[in-house]
Amino acid sequence: MWNRILVLDGAMGTMLQKLGVGTVSTGNDVVDAVYKVHGMYIEAGADIISTHTFTANEGDDIVERNRLFAGVARKAADECKTRKIYVAGSIGPTSKTLTMSNASFDEMQAAYKLQIATLVDSGVDFLLFETFFDTLNLKAALTAARSVAPETPVMVSATIEKNGRLLTGQTLEAFAITVAPFKPMSIGLNCSFGASDMLPHIKALSEIAPFHISAHPNAGFPDEQGVYSETPESMAEAMKPFFQQGLLNIVGGCCGTTPEHIALLSSMAQAYTPHKIPQIKPATRLSGLEPCNFDDFVYVGERTNVAGSKKFARLIAERNFDEALLVARRQVEGGAQVIDICMDDAMLNAKECMAEFLHLAGSDPYIAKVPVMIDSSDWGVIEEALKYTQGKAVVNSISLKEGKDVFVEHAKYIRDFGAAVIVMAFDEEGQATSYARRCQICERAYHILIDEVGFVPEDIIFDPNVLTIATGISEHNNYAVDFINTVKFIKENLPGAKVSGGISNLSFAFRGNNVVREAMHSVFLYHAVNAGLDMAIVNPQMLQV
Ligand code: THG
């Protein structure tokens with residue numbers, strides 16, 4: 001299938017207008033016209049036709065519309081006897097944006113589940129998530145697909161602004177990092193500002209994303225009469241470099257394109273070789289609006305934690321979110337590449353506070369550029385928080401404390417959400433304090449996550465417990481050295497996994513004496529980083545390098 005460039009169809013709306021029918025009804029005239037347009041695109045050379053269901057994920061006739069138009073496309077595809085025609089169930093972003101408005105993730109996900117289940121039940125071959133401009137909406141759709149149609153291949157296509165970012169401000173690289181755990185069949189761009197503007201972005205995507213690449217741009221811009229600026233010939237000319245540079249596995253058209261546009265693209269698709277998926281070394285990657293690639297040691301800001309900062313706790317208790325957001329912004333300014341957010345406090349509704357804070361932080365471009373570390377020991381809070389993260393987040397944390405079954409269940413949920421995870425060295429017997437138990441628990445968790453949950457090692461981050469030293473209790477004397485040796489063990493024996501720690505725990509015995517605490521943290525970090533520590537939860541403003 002992938003030894004040549006596949007051709008996706010062009011616009012449905014433009015063609016329906018030409019045939020004199022509206023785009024929203026399900027009447028017989030519309031059904032006949034949609035069927036006719038599918039036939040025209042197949043005749044023009046399309047290998048994949050997309051169902052007329054782009055907006056069929058809102059309202060109370062979701063099942064009816066998806067069943068009807070998936071059936072129409074299936075029929076048109078199956079009537080072609082000369083070659084195999086695939087049907088892609090077209091799924092749009094809806095009229096809402098989860099990141100920038102107060103829409104509900106659960107409601108959106110439920111609508112997507114209904115749409116996807118109906119499309120798949122009605123015989124589509126793939127799902128085509130197109131024109132997405134908010135990756136949180138896309139996550140609602142991708143998690144829905146995972147739960148109701150895990151076997152159906154997914155094509156993911158975003159639309160970008162002139163600055164090369166999604167409307168929410170997310171860069172394409174961050175977008176690709178967020179989507180990668182869902183293992184789409186293809187990733188690409190559609191709509192946007194036409195072919196020429198799309199070229200550098202498709203090129204960039206083709207170099208960083210280990211998936212097939214798709215592009216189906218608009219036929220330029222519509223004028224006042226709604227006539228698009230690109231003729232079939234000029235669009236074909238604008239698409240030529242995509243083919244010449246070997247960037248494409250799937251090509252088609254979006255708004256304003258017609259069977260004539262697709263016919264020209266189809267003849268070019270036959271003349272050029274498809275994009276070869278790049279070999280990309282597995283690596284730990286997180287994202288907010290921007291990527292976090294773990295090229296260097298990663299600092300995680302600790303101050304947005306009600307249990308770790310009296311000030312932050314007070315601001316949240318007073319519901320002073322504006323100033324609480326300043327604490328987050330200051331962390332990023334101070335060098336935090338990820339921010340740890342914790343609302344665990346018996347006096348707070350942690351779930352609500354987490355949701356509210358993440359929602360506000362998610363639309364503050366200065367904070368939202370970095371990935372979120374969701375810090376809670378309450379599973380309900382973690383589940384809720386994941387619904388507010390546009391990028392690829394990391395859950396802090398899970399452990400074997402409540403036994404293997406709960407551990408596996410939680411890990412699966414996190415995996416299905418496309419997040420990374422911190423695993424604490426805890427088991428049924430409690431917290432690991434000795435070197436031997438720290439190693440043994442991490443090793444056991446590693447094998448469960450990889451063999452039974454299907455985690456990739458790069459999405460596993462171990463935290464072998466930074467414990468408080470110099471407390472006066474002699475059993476505590478070796479805690480720091482044991483941590484450092486465990487880091488070494490993990491790096492040597494659990495390939496791909498990363499190691500993290502909460503550094504400020506080390507010096508709790510010296511609360512109030514920041515000079516001593518800073519010195520302890522610096523010495524500890526020096527040795528831990530040499531042993532292979534990859535990241536740490538710290539107060540970035542209080543670090544002596
Ligand atoms: N591992 C993982 N997650 C963690 C920890 C860990 N999350 C929480 C904690 N440990 C890391 N975060 C902090 C945050 C603050 C402090 C310590 C650890 C701290 N706070 C000052 C104090 O208590 O003295 C606060 C002073 C103030 O109120 O301003 O030291 O280990 N995975």
Side-chain angles (χ1 to χ4, degrees), residues 286 298-317 323-324 326-328 330-331 334 336 338-345 350 354 371-379 381-382 385 393-401 410 414 419-426 431-433 438 441-442 445 459-471 476 479-480 482-484 486-487 490 497-522 524-525 528 533-543:
L286 301 175
V298 171
Y299 290 101
V300 182
E302 70 176 20
R303 310 307 289 177
T304 36
N305 178 345
V306 294
S309 160
K310 282 188 206 73
K311 180 180 170 192
F312 190 72
R314 175 177 53 79
L315 293 172
I316 297 298
E323 257 193 75
L326 276 178
V327 175
R330 208 136 301 135
Q331 295 286 284
V338 177
I339 45 171
D340 181 81
I341 299 173
C342 178
M343 299 291 179
D344 286 357
D345 183 312
M354 186 64 107
V372 170
M373 179 178 279
I374 300 164
D375 189 343
S376 181
S377 49
D378 179 341
W379 176 249
V381 173
I382 291 175
V394 50
V395 168
N396 179 15
S397 56
I398 60 172
S399 79
L400 287 155
K401 186 164 27 180
H410 291 174
I414 295 165
V421 70
I422 292 192
V423 179
M424 299 297 302
F426 259 95
Q431 186 173 43
T433 54
R438 295 186 211 226
I441 293 173
C442 291
D459 282 346
I460 303 171
I461 301 166
F462 285 108
D463 185 328
N465 306 330
V466 176
L467 302 173
T468 308
I469 57 165
T471 59
H476 300 175
Y479 277 174
D482 285 343
F483 178 92
I484 291 164
T486 310
V487 172
I490 292 168
K498 293 270 188 267
V499 193
S500 177
I503 303 307
S504 304
N505 308 348
L506 184 77
S507 60
F508 278 145
F510 295 87
R511 279 212 164 104
N513 189 341
N514 282 349
V515 176
V516 171
R517 292 190 72 176
E518 285 171 35
M520 290 172 73
H521 299 168
S522 300
F524 180 71
L525 266 181
L533 190 72
D534 300 287
M535 68 196 296
I537 309 173
V538 298
N539 179 359
Q541 276 119 340
M542 207 178 98
L543 261 192

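In listed order, ligands and their atoms are each counted from 1.
- In this structure, Arg511 is part of the shell of residues with a heavy atom less than 4.0 angstrom from ligand 1.
- Polar contact check, Asn396 against ligand 1: a nitrogen or oxygen pair lies under 3.5 Å apart.
- Ile374 approaches Ala385 most closely through the heavy-atom pair CG2-CB, 3.5 Å.
- Within the 4.5 Å cutoff, side-chain heavy atoms of Met354 are placed close to those of Val381.
- Atom numbering of ligand 1 starts at 1 in the shown order; those under 4.0 Å from a heavy atom of Asn305 are 8 (C), 12 (N).
- Under the 30°/60° scheme for interplanar angles, the aromatic rings of His410 and Trp379 are found to lie parallel.
- Where the criterion is an N or O separation shorter than 3.5 Å, residue side chain and backbone included, Ile422 fails it with respect to ligand 1.
- Looking at Glu302, Met424, His521, Lys310 and measuring to atom 12 (N) of ligand 1, the nearest heavy atom belongs to Glu302.
- At least one heavy atom of Asn505 sits less than 4.0 Å from an atom of ligand 1.
- Under a 4.0 Å heavy-atom criterion, Phe508 is in contact with ligand 1.
- Residue Ser504 has no nitrogen or oxygen atom sitting less than 3.5 Å from a nitrogen or oxygen atom of ligand 1, judged on distance alone.
- Side-chain polar atoms of Thr468 and Asn505 form no donor-acceptor pair below 3.5 angstrom.
- A heavy-atom separation below 4.0 Å is not found between Ser397 and ligand 1.
- Residue contacts with ligand 1: Asp340 is placed with no nitrogen or oxygen under 3.5 Å of a nitrogen or oxygen of the ligand (distance criterion only).
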Show, in sequence, the C-alpha distance, side-chain angles and deciding distance for Val499 and Met535, and conclude whether the side chain to side chain contact (heavy atoms under 4.5 Å, CB included) test is met. CA-CA 7 Å; Val499 193; Met535 68 196 296; over 6 Å; no
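- You'll find the side chain of Thr433 reaches within 4.5 Å of the side chain of Tyr479, heavy atoms only.
- A heavy-atom separation below 4.0 Å is found between Arg303 and ligand 1.
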Pair Leu533, Leu525 - check side chain to side chain contact (heavy atoms under 4.5 Å, CB included), show working. CA-CA 8 Å; Leu533 190 72; Leu525 266 181; 3.9 Å; yes
